[in-house]
Amino acid sequence: MLLGITLLTFILMRVTPGNYLDTIRLDPQISQDTIERYQKLYQLDKPLLQQYFYWLKNVCRLEFGYSFHYNVPVVHIIGGRLFNTFILSLTAFLLTWLVALPLGIWAALNRNRWGDRIIQFFSYVFFSLPSFFITMILLFWASQAGVLPLGGMRSPNFEHMSFLDQGLDILKHLVIPALALSLGSIGYMQKIMRGNMLEVLGQQYILTARAKGLSETRVVYVHALRNAINPLITLLGYEFSALLSGAALTEIICSWPGLGSLMLTAVRAKDIYLVMASMLMGSVMFIIGNLLADIALAKADPRITYEQRS
Amino acid sequence: MNNVPKLFLMSFPRKRESTVDARLPRPVLQTVQDGRGHDKDKPLSEFQLHLRDFNKNRPAVACVWVLGVLYAGALFADFIAPYSFKDEDRSYSYCPPSRIQLWHDGKISRPFIYGTKLTYNDLHARVYVTDQTQSYPIRFFYRAESYRWLGLIPFSRHLFGVDAPSRIYLFGADARGRDVFSRILYGAQVSLSIGLIGVAISFSLGLLIGGIAGYYGGWLDNILMRLCEMLMMVPGFYLLLALRAAVPDNFSSLQVYCAIVVILSFIAWASWARIIRGMCLSLREREYVLAAKTMGVSDFKIILVHLLPHTFSYTIFAVMLSIPGYILGESGLSLIGLGIQDPYASWGNMLTDAMSIVRIQFAPWILVPAFFIFITVLCFNIIGDTLRDCLDPMLIGLLPTKQNVKSSIVGKSAGDLTLDQKRSIKSTENPKS
């Protein structure tokens, strides 16, 4: 799978006219020798497939190549960026789940009352708002209120802070992008949660549980919730990938130094190895997300097994 | 009158049908007059039944109207817009929206606007002052810049306009003094059509590949599905960026437009193929397919005529729900400057300016395109959801529970659903992914 993706990316990057070497060739500060050295090092003068396999061999040794744009090995840039994107996605993700689930349950229990109507209305609105629009609005609001930093990830005096302050500082910068990312998905997840909950609450075993005289809390949170949450866990993996994609735009607007904004720079500069590595990392994160979702699902739903059935 | 779909005849104060119990089976007959003037009961077609359900949902009908207006606006953009999309006047940079006045000297007059004058305040910032001494009446069917409607019919009338020294800005002006209102109309041509064309391409590709994979099964299915998974595994926006990088910079704007449509469809077809393949897997086991086979119908025809139409009740709303994805994808790309390039308008690239907070502060109207994106996406979502409610066999009473519906799609009981299948059911419901 990953091989396919990398091959696709590689071919895509190579079929485009011009590569980064052309750009630096125009730079008088860089000597012809350097360029030739690069060319030899990455076998850029060889045919396409050979280049690809050479890159692949290097990746297996955890060498992702050299970023011509930033002038450092790709690994140096991408590690930090990956971590930043991960923080952002994780925060948005947690925020989504922590808000959407209770909201969905509450809405299902109070369906068609005013509270539910209001929640449904707002989830429609937020779900339909483009994430970049939410980001812009939030940034604008923050600029007016002046309490939250606008964009970036660290304050200028970050280096001089104590460890605790550093954490707080990042957290402060995290608020806007995370909020922008999660608002939309909260609306969406909430709707699904509500739908599932309603479906489960209409089942006969809920009636049985109520007839047995179980307390309403137990019926809702033990009997209904566990069944209603299953489809959401399946969604978890996809949610994560959607977050990654959505995060890219938000990162760019908020100038959050993450993988998405790196990808944009790399694509613009035709920095081939950087693009490849970003793509690879993005996919790996996605696969890990899906894997976690599958494991969680198997934990939550004993009916699902991963052994082959006859 | 009964036969005319209400969709096009929205009567406003409608009586509530309180006597009809919603839980009872609804009448499926309509009374029509046959040729000799006698009343005759005729069963409603399935389409009419769905349409009736749809018409009952007022927000959805309203959304259809809103979308209709937006698409009409895009179609007649040349006529409605007072200026062309590249008609710029730097002296009106970030000019605020013109206020349309109806009162003049305490009397009602025809609508007019006051002239605006550019001044600088103490901080040397631009300030536009309304000049009450000059008034410019709004002229309808105004003769201005000539254009070719749809590239064919030459015409020079615009719906409205004002006389030359002044300019009318309904939604204000952008950095180069271009009319935001006009650009929104021209941008709608790009942004709205991309959704339709994109979904048409990816949906037909998905139908074809999903149908083939589902019908034949075996190694072909295996290869095609692995290909789909590969595409679905890359985070969408990253793939979008990488694919966009493959498009040469020297493309003309029409070529870029086509490239974006193709790219967006290329990303999206995989999930369609997976869902349709899942449905076809179970549909091909049905007796009528066997019957068709024994009658010697060619494979291609079986797929096209006997399998794919059965997936439509499910896919039709999924199509509606996925259109916003294309619109958002295009505007996202254009927003970061990789989509439609500047002199041409799209709702996304009009927002590029709004990425700076300072500009939002003194010219909030540059956010108007985002509002239009929002309205469009909202309408498509509401229509899609309503269609789902109408088309869901569970609600029509054909099948008892939702789980049965889903399992009939994949041909297994709900507990036996493998992860992949559950996912393929679920993933259509997420237009954002």
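Only heavy atoms go into these numbers, but all of them, side chains included; no hydrogens, no water, no symmetry mates. Within every chain, numbering begins at 1; the chains are lettered A, B, ... in the order of the sequence lines, protein sequences first and strands thereafter.
- Ranked by non-hydrogen atom pairs under 4.5 Å with chain B, the options A:T135, A:V125, A:I137, A:I252 are led by A:V125.
- Within 6.0 Å of atom OH in A:Y205, more than 12 heavy atoms from other residues, nucleotides or ligands are found, so the atom counts as buried in its surroundings.
- Comparing B:I336, B:T376, B:I373, B:I327 by heavy-atom pairs within less than 4.5 Å of chain A, the highest count is held by B:I336.
- Looking at B:I382, both its backbone and its side chain come within 4.5 Å of chain A, counting heavy atoms on both sides.
- Contacts of B:L335 with chain A are made by side-chain atoms alone, with heavy-atom separations under 4.5 Å and no backbone atom involved.
- The aromatic rings of A:F127 and A:Y188 sit parallel to each other, their planes meeting at less than 30°, with 60° as the upper class boundary.
- If you measure heavy-atom distances from A:Y124 to chain B, the contacts under 4.5 Å come from both the backbone and the side chain.
- Partner B:W272 forms a side chain to side chain contact (heavy atoms under 4.5 Å, CB included) with one of B:S202, B:C228, B:S265 and no other, that one being B:S202.
- Atom CZ of A:R194 and atom OG of A:S123 lie 8.5 Å apart (nearest 0.5 Å).
- Proximity of a side-chain donor or acceptor of B:N349 to a complementary backbone N or O of B:S346 within less than 3.5 Å is detected.
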